[in-house]
Every structure is written in C-alpha cells, then in structure tokens.
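Index from 1, following the sequence. Just the heavy atoms: all of them, side chains too, but no hydrogens, waters or symmetry mates, feed the values below.
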Amino acid sequence: MPCSRRRRDVSEGRRSALQHALLAAKGHASKRELHGVIEKLSALDRKVLMEDLEAAMLLASAFHHLFFSTRAMELLHAIEDRVTVAGDPILLRRWRNLLACQYFAEGDFEEAEELYSWCLSSAERSNHGRIIVAASGGLAAIRGLMGEVDVALSLYTRALAAAHSLGMAFEIARLHHNVGLTLREWGRYTEAFPHFMHAADYYAENGILEEKVFSSAERSLLLTATGDTLMAEQLARTAQERCKVLRNPTIEVTALRAMGVVLRATGRLEEARANLIEAVRLAEGCSHALVRVDAYEEMALVEAMNGHGASAEYFRNRAVDTFGHLGLHKHCERFLSNYNSAL
C-alpha cells in the first residue's frame, strides 16, 4: 500500500475515533455524567484531541465541574493558540470564562476578575446570555470574598435574572448556592438559608454526587453557626459518606473541614483535631487555594482550643500568609479575632 494512502487511512481512522468519542461524550454531558465525558475523551490520542476544539473544551469543562482544576488549566493553556487563531468570538468568550474559573480556583482573583470582566463586556455587546450568567456570577463570587456583599448580591441578582430568562436550571441552583455562601460568610444567616435550600432541592433531584457533597457540607456550616449542631452533624456525616466513592481530595477536604467545625462547636476537640489533621494533609496537595486556607484556619482554631500552642501558632501563620497572598484581608481580620478568642 502506498505511504500516502496509508497515512490517509490512519488520518481517517483518527477522525472516526474522534467523532465517535465526541458523540458519546456529548451524550454523557447532556445527562451530566461528567466522569463519562472524561473517560471517553481522555482515551483519545492527545494529538487527535487537540485537533478538535469542541472536544477539548468539553473535556476541560468536565474537569472543571469535577474540581480537577489543574487538569482543566493545563488543557485550556494547551489550546490557547488554536482558540485565538480560530477567530470565533463565542469560542473565545467560552474559553476565557472557563480559564477565569480555574484562576479563581487557584486563588488568582486578580487574573480571574480581569477575564470575567472582559467576558461580561464582550457578552453584553453580543447578547451572549450564557456568558453573561457565568461571568456575572464569577465577578459576584470575587466581590463576595472581598467582603463587598452588596456589590456581590447585585451581580448575583443580574446573573439569576439572566439564568431564569434562559431556563438554565443548573446555573440557577449553582448561583443560589453561591449566594448562600456569600451571605453565610458574612454572618447573614437568615438570608442565606433559603438560597442554600433552593440549591439543595435541585441537587437532590438532579445533582451529581460532587455537588451533593458540597451542598451538604456547606449547609452544615450554616447550621453550626445558627446552633443546630444535631442537623449540622448529620449533614457533615452524609457528606463524608458520599466522599468514600469519589476519592477527590478537594471534596474530601471540604467534608472533613465541615465535620471538624461541627465537632469543635460541640466540644469534641480531639475528634475535631483528627478530622482536621486529615483535611490539612489532603489540602496540601490541592490546587484550590480556598480549600487550603479553610483547612489551615480551622486547624489553628482547634489547636488553640486544645492548648497546643506551637501547633496553633504554626497553622495561624500558615492561614495568615495564605489569606495575605489571596488578598482576603477581611477574612484574615475575622480569623485573627476568632483565633485570639480561642487562646
């Protein structure tokens, strides 16, 4: 067989494999079976995957939604030149928005905000509703972390209105969850509760297991703050049980931290310490900056309450340094106040 024909046959075989994998991955994605998306597309030859931007973006999105930020970031950077050359403004907005999500996860809020802002401005000019929802929600989350709650709520309101107009049920649930996080973080517990419940109701029926873990763990922290430690512990234990089949360090840290907070609030300091030691161990290997600093913060508090002065000071310094690196100065001030009260 001539070499040219053999090369053509190989090329056609690769294209066929790509189309079959992409079709199967889209089927999984439509049912939010994101592990199936990763399985189908990761099995492709790397060069073949890189030739199809739709497949690469679908895989990066699946990595993102399953909290594999490092893998999503690597893939997005790998296709950057091809996205730029393609000259497709919709693709470029989608790519930049997804990249912003990874910078947010890694704690580079300045870079994330710049990208979200560009995406929102571009989407507004083109009436690209889905990106308006995503970018507004991303900017809201950043402003919320900085303690600018009213600004965050205004952005969330806009994102929710756009999501409702497009019938984006998943995004509506995600936005309500994030509104709940913002309100809870700054002590507005009564307002936070209905937002968490809206998201929890959706995830109970339609969510993937990872979302159910996060929903349970974060609601347990709200209930602990409002004194309902019995229900808080039940939710935290549910989150931990679900983690056993996921084996995802980012999610495990979230569940362990939630349990540690509940146990600390109910005076079971040694049990709290055991959970938080494991949370810190796993957090050290996570790219998600907020997950790491949350683990350091709680470890410092429980060590202070246990009277372990040197260990408490060590984790206090780790938390302060990380808060400073992230630019979360209001969070740091609150943590130091809580830490001094725990000594």
Side-chain angles (χ1 to χ4, degrees), residues 10-102 105 119 122-123 126-135 137-138 159 162-175 202-212 214 245-246 248 251:
V10 170
S11 177
E12 290 175 355
R14 286 177 172 174
R15 281 198 298 271
S16 178
L18 171 63
Q19 292 307 312
H20 278 93
L22 183 56
L23 183 63
K26 285 181 176 179
H28 285 300
S30 68
K31 295 178 284 187
R32 302 208 65 236
E33 296 170 351
L34 301 181
H35 291 282
V37 174
I38 291 175
E39 180 183 350
K40 291 297 181 183
L41 295 180
S42 294
L44 290 170
D45 180 85
R46 175 76 172 188
K47 184 180 294 187
V48 172
L49 178 66
M50 292 297 101
E51 288 174 358
D52 192 291
L53 291 175
E54 184 180 8
M57 285 291 292
L58 184 59
L59 180 56
S61 179
F63 283 144
H64 164 63
H65 285 291
L66 292 176
F67 308 99
F68 298 122
S69 178
T70 300
R71 297 172 74 180
M73 180 78 89
E74 185 274 331
L75 183 53
L76 289 168
H77 281 307
I79 63 173
E80 179 175 3
D81 289 343
R82 298 198 64 236
V83 169
T84 303
V85 169
D88 181 342
I90 294 177
L91 175 64
L92 183 60
R93 283 192 290 271
R94 289 174 54 216
W95 179 83
R96 287 192 170 185
N97 181 76
L98 194 51
L99 186 64
C101 294
Q102 309 325 306
C119 288
S122 175
S126 303
N127 196 28
H128 189 170
R130 290 182 176 273
I131 295 298
I132 289 173
V133 171
H164 276 289
S165 71
L166 295 168
M168 300 171 68
F170 164 72
E171 288 296 332
I172 292 167
R174 184 183 65 82
L175 287 163
Y202 175 85
Y203 293 142
E205 293 293 325
N206 305 290
I208 59 176
L209 194 55
E210 288 82 355
E211 291 159 352
K212 293 177 182 179
F214 267 100
V245 299
L246 293 175
N248 184 313
I251 298 172

Closest contact, heavy atoms only, V37 versus A62:
CG1-CB, 3.8 Å
When every non-hydrogen atom of A17 is compared with those of L44, the smallest separation belongs to O-CD2, 3.8 Å
Which of these passes side-chain contact (heavy atoms from CB on, under 4.5 Å) with L41: V48, L59, L75?
L59
The single option from L209, L246, I38 passing side-chain contact (heavy atoms from CB on, under 4.5 Å) against L66
I38
Sequence-distant partners of E171, salt bridge (Lys or Arg N to Asp or Glu O under 4.0 Å), two or more places apart
R174
Residues at least two apart in sequence or cross-chain that pass salt bridge (Lys or Arg N to Asp or Glu O under 4.0 Å) with R32, listed by chain then number, are E211
List in chain and number order the residues that pass side chain to side chain donor-acceptor pair (under 3.5 Å) with Q19, two or more places apart in sequence or in another chain; answer none if no residue qualifies.
none
Going by side chain to side chain donor-acceptor pair (under 3.5 Å), name the residues that satisfy it together with T70, two or more places apart in sequence or in a different chain.
S287
Suppose the criterion is salt bridge (charged side-chain N to carboxylate O under 4.0 Å, His left out): which pairs have a residue in residues 50-72, not counting sequence neighbours?
K26-E54
Spell out, as yes or no, whether a donor-acceptor pair under 3.5 Å connects the side chain of [X] to the backbone of [Y].
| X | Y | answer |
| --- | --- | --- |
| E80 | L76 | no |
| S61 | L58 | no |
| S122 | C119 | no |

Is the shortest heavy-atom distance from the side chain of Y202 to the side chain of I172 under 4.5 Å?
no
Are H28 and L34 close enough that some pair of their side-chain heavy atoms sits under 4.5 Å apart?
no
[X]: which residues meet the side chain to side chain contact (heavy atoms under 4.5 Å, CB included) condition with it, sequence neighbours left out?
| X | value |
| --- | --- |
| A86 | L53, L91 |
| A105 | S69, H288 |
| A123 | R93, H128, I131, I132 |
| E74 | R46, A78 |

If you look only at pairs with a residue in residues 35-80, which of them pass as a ring-ring contact (aromatic ring centres under 6.0 Å, His included), with sequence neighbours excluded?
H65-F170, F67-F214
Please assess I79 against M57 for the test side chain to side chain contact (heavy atoms under 4.5 Å, CB included), listing each intermediate value before the final yes or no.
CA-CA 9 Å; I79 63 173; M57 285 291 292; 4.0 Å; yes
For V133 and L175: C-alpha separation, side-chain torsions, deciding distance, then whether side chain to side chain contact (heavy atoms under 4.5 Å, CB included) applies.
CA-CA 9 Å; V133 171; L175 287 163; 4.0 Å; yes
